[in-house]
K.L.:
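Following this message is one structure expressed as structure tokens.
Computed from a predicted model, the values in this text were never measured in an experiment. Letters A, B, ... are given to chains in the order of the sequence lines, protein chains preceding strands, and every chain is numbered from 1.
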Amino acid sequence: MNPYLYLDRDTFVHRLDPRTKMFLLLGAFVLVFIYLNPLYQLAVLAVILFFGYLAKMLVNLKRIWFILVMISVMTVLLWSIFGSGETPLFLFFELESLLYGLAIALRIVGAIIAGMIFLSTTRNEEIATGLVKLGIPYRFAFAVSTALRLVPTIAATGSTIGQAQRSRGLDLESGNIIQRIRKNVPLLIPVFVSTIRSTNVFSMALESKGFGAGKERTYVLELHITRRDVLAMVLFLLVLAAALAIRLAGYGGLEGFTR
Amino acid sequence: MREVFTMWRHTQMVVLVALSAAIYAAVLIPFKGFVLIPGFTEIRPANVFPFVFGLLFGPAGAWGAAIGNLIGDFFGTLGLGSISGFVGNFFLGLIPYKLWGAFFAGDPAQTIDSRKKLIGFIGIVIAASAACALWIAWFNDLLGNVPFAALGSIITVNNAVAGIVLGPILLLVLYPRVKRWGLLWTEIMHPEEVSPARLRTLGNILMWVGSVGGIVVGLIIALGLYEQGFAAAGFTPEGFGDVGALGIGLGMIPFLALIVIASIMLGGREQVVAEQEGSGRVV
């Protein structure tokens, strides 16, 4: 199974500059924080989902549907316990805390889906280069992109060792979660040790290729902010301004809830 | 805290950041399904790595923990809460080597070769877990996402259990190898690149007050145990909820500041000098 979320599609969202997509992602995080009324939050979620539909990435939501459902249930439950309202419903549930929980659940789900859209439409190299172009030091961005690239390699090595041991008769499937963790830990040690051991070879390989030798770097991937990017940012700013204007006009709030 | 920035000059440290982040994320991701508070935290045996990598790789382990946690979020739960996850996990890796230097200045070898070091390690795990939980729970309560009491207590326990149960074993396995390969942060970095400790004992105390004290006071505020005090001061019962939210938002800032100040005071140069004098390297 491919652990990465990126989907290779030819959509206008995919063609946007990664910096534009980072801007839109941050904007989406602001957007989901504007309203406390679940109905308005639902409208915000619809906007985010429509953007995901345009990016042809909604298929990726199948991978996290369980987490999204659990978030909704747990958030409503938590805020019903820790928050309080004015209108009793049943047991310890009050109408306002239930509505607040729903709004927060939709907020978190919206933010996660916005993150999914970004990761489904942006390659790792684009994220790293985009970060550097935004002023993040190259060595930091390099560490992030290298780590991203190594995760599946480490997972695959762990899986290979597990399969090799299974073929020799080791039972890794039976037992409860604690017993399974105890069986798997000894198998993971060689993975960590061999990964850490490669540090010196990795460092020498990098330095032999001139890592950090010059102050100015060039990149294979060249990024450009085009008219398409400007248009996307302006359109999004208009949506954000409209949402803020509605909120400032007194709509989308939630009365009677206290924490 | 100078070493947190100067470490980026060393290619080996950059690679250690990437590798420790990748290992942390690779073990975090399979456990994404074992959720405790969905979208925020799950059962995390991988949380043993920030403690161990923090001790062995110093600032590279701290950056690795922060980036590894962010990459874990990249696999399905990236959100605004990821910012606090980044900062919290950074301190989860930073505090172990800072406090280790304060506890074992004379013998800074990062392994569990005595009962004293085992007790010290357990204490460090608890302080670092509380500091990490404080950052994450405070930020998420401030955003109104998850109540402080729920997130703060779960993260502290979750981190501490992983560190206390698996940490000593992993440290015993990794330390001799990492030392043989010359990958300890105290061997890679130069003393002038690392801040010296200032008022080490006071720094140690402030770290405990900031981390464990912060989480205890936060839980007291969040659970409303202060209620009688506020009632006596003339607050109406209806106002308690607002006072609670404000209390967490403002009340935790001094504790978070204490954690940062203590991290600066605890330095780390002494560990580097002791290690390099011990191994015969010219300092």
Side-chain angles (χ1 to χ4, degrees), chain A residues 3 5 29 33 63-64 66-67 70-71 73-75 78-79 81-84 104 107-109 111-112 114-116 118-119 137 139-140 142-144 146-155 158 177 181 185 188-189 191-193 195-200 202-203 206-207 211-212 257-259, chain B residues 8-12 14-23 25-27 29-30 32-35 37-39 43 45 63-64 67-68 70-71 73-82 143-147 149-150 166 169-170 173-174 177-178 181-183 222 238-242 244-245:
Chain A
L5 296 172
F29 288 162
F33 270 85
R63 295 168 67 158
I64 57 159
F66 182 71
I67 295 178
M70 287 293 286
I71 282 172
V73 174
M74 286 292 291
T75 308
L78 277 174
W79 281 114
I81 297 167
F82 288 96
S84 57
I104 298 301
R107 172 192 288 178
I108 298 165
V109 167
I112 289 176
M116 286 284 277
F118 174 73
L119 297 169
R139 283 172 177 249
F140 182 88
F142 172 83
V144 175
T146 306
L148 265 168
R149 226 168 282 148
L150 281 172
V151 170
T153 311
I154 293 170
I177 178 75
I181 290 173
V185 166
L188 294 175
I189 296 289
V191 182
F192 308 145
V193 171
T195 306
I196 294 166
R197 192 180 196 171
S198 66
T199 303
N200 282 331
F202 197 164
S203 306
L206 282 173
E207 287 179 350
F211 180 75
F257 174 79
T258 48
R259 290 170 61 188
Chain B
W8 292 100
R9 296 174 191 161
H10 298 269
T11 307
Q12 274 179 315
V14 176
V15 172
L16 283 173
V17 171
L19 294 182
S20 40
I23 291 174
V27 184
I29 293 159
K32 280 274 169 198
F34 299 91
V35 286
I37 297 183
I43 293 172
W63 284 113
I67 295 171
L70 186 67
I71 290 173
D73 285 354
F74 271 22
F75 289 81
T77 51
L78 183 69
L80 210 53
S82 302
L143 296 178
N145 282 349
V146 186
L166 301 172
I169 305 162
L170 199 59
V173 171
L174 288 181
R177 291 167 174 82
V178 171
W181 300 327
L183 293 175
E238 287 78 17
F240 284 147
D242 294 331

K.L.:
Looking at B:Ala21, B:Gly144, B:Ala149, B:Ala26, which makes the most heavy-atom pairs under 4.5 Å with chain A?
P.N.:
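Going by pairs under 4.5 Å, I would pick B:Gly144.
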K.L.:
Given a strict heavy-atom distance threshold of 4.5 Å, which part of B:Leu80 is in contact with chain A: side chain, backbone, both, or neither?
P.N.:
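For B:Leu80, backbone and side chain are both near chain A.
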K.L.:
So which heavy atom on B:Gly68 is nearest to which on B:Ala25, and how close?
P.N.:
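B:Gly68 and B:Ala25 have their closest heavy atoms at O-CB, 3.5 Å.
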K.L.:
Nearest 0.5 Å, please: how far is CD1 in B:Ile67 from CG in A:Leu148?
P.N.:
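So the CG of A:Leu148 and the CD1 of B:Ile67 are separated by 9.5 Å.
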K.L.:
Please state whether the side chain, the backbone, both or neither of B:Leu143 comes within less than 4.5 Å of a heavy atom of chain A.
P.N.:
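Looking at B:Leu143, backbone and side chain both touch chain A.
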K.L.:
By a 4.5 Å heavy-atom criterion (distance strictly below it), what part of B:Val14 contacts chain A: side chain, backbone, both, or neither?
P.N.:
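Both backbone and side chain of B:Val14 come within 4.5 Å of chain A.
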K.L.:
Which of the residues A:Phe211, A:Trp79, A:Phe29 is involved in the greatest number of heavy-atom pairs with chain B at under 4.5 angstrom?
P.N.:
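Between A:Phe211, A:Trp79, A:Phe29, the count favours A:Trp79.
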K.L.:
What is the distance from atom CG of B:Leu183 to atom CZ of B:Arg177, rounded to the nearest 0.5 Å?
P.N.:
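Reported value, rounded in 0.5 Å steps: 13.0 Å.
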K.L.:
Non-hydrogen atoms of chain A under 4.5 Å away: do they reach the side chain of B:Ile23, the backbone, both or neither?
P.N.:
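Backbone plus side chain of B:Ile23, per the 4.5 Å heavy-atom cut-off to chain A.
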K.L.:
Can you name the nearest heavy-atom pair linking B:Arg9 to A:Arg139, along with the distance?
P.N.:
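Nearest pair, atom of B:Arg9 first, then A:Arg139: O-NH1, 3.5 Å.
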K.L.:
Report which part of A:Arg107 has an atom under 4.5 Å of a heavy atom belonging to chain B: side chain, backbone, both, or neither.
P.N.:
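Only the side chain of A:Arg107 comes within 4.5 Å of chain B.
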K.L.:
Go through A:Leu206, A:Thr146, A:Ile104 and name the one with the most non-hydrogen pairs under 4.5 angstrom from chain B.
P.N.:
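Ranked by contacts with chain B, first place is A:Ile104.
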K.L.:
Could you have a look at B:Leu166, B:Leu174, B:Leu16, B:Thr11 and say which one has the most heavy-atom pairs with chain A under 4.5 angstrom?
P.N.:
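Looking at each option in turn, the highest pair count goes to B:Thr11.
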K.L.:
Just to verify, what does A:Val191 make a side chain to side chain contact (heavy atoms under 4.5 Å, CB included) with, not counting sequence neighbours?
P.N.:
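A:Ile154, A:Thr157, A:Ile161, A:Thr195.
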K.L.:
Checking heavy atoms, do the side chain of A:Phe33, its backbone, both or neither come under 4.5 Å from chain B?
P.N.:
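Side chain of A:Phe33 only, per the 4.5 Å heavy-atom cut-off to chain B.
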K.L.:
At what distance, to the nearest 0.5 angstrom, does CZ of A:Phe202 lie from CG of B:Leu19?
P.N.:
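Between A:Phe202 CZ and B:Leu19 CG, I get 6.5 Å after rounding to 0.5 Å.
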K.L.:
Tell me, side chain or backbone of A:Ile196 under 4.5 Å from chain B's heavy atoms, or both, or neither?
P.N.:
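For A:Ile196, the contact with chain B is made by backbone and side chain together.
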K.L.:
Could you tell me whether the side chain of A:Asn200 and the main chain of B:Trp181 form a donor-acceptor pair under 3.5 Å?
P.N.:
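Such a contact is found between A:Asn200 side chain and B:Trp181 backbone.
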K.L.:
Could you work out, with side chain to side chain donor-acceptor pair (under 3.5 Å) as the rule, every residue matching B:Ser82, not counting sequence neighbours?
P.N.:
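Side chain to side chain donor-acceptor pair (under 3.5 Å) check on B:Ser82 returns B:Asp73.
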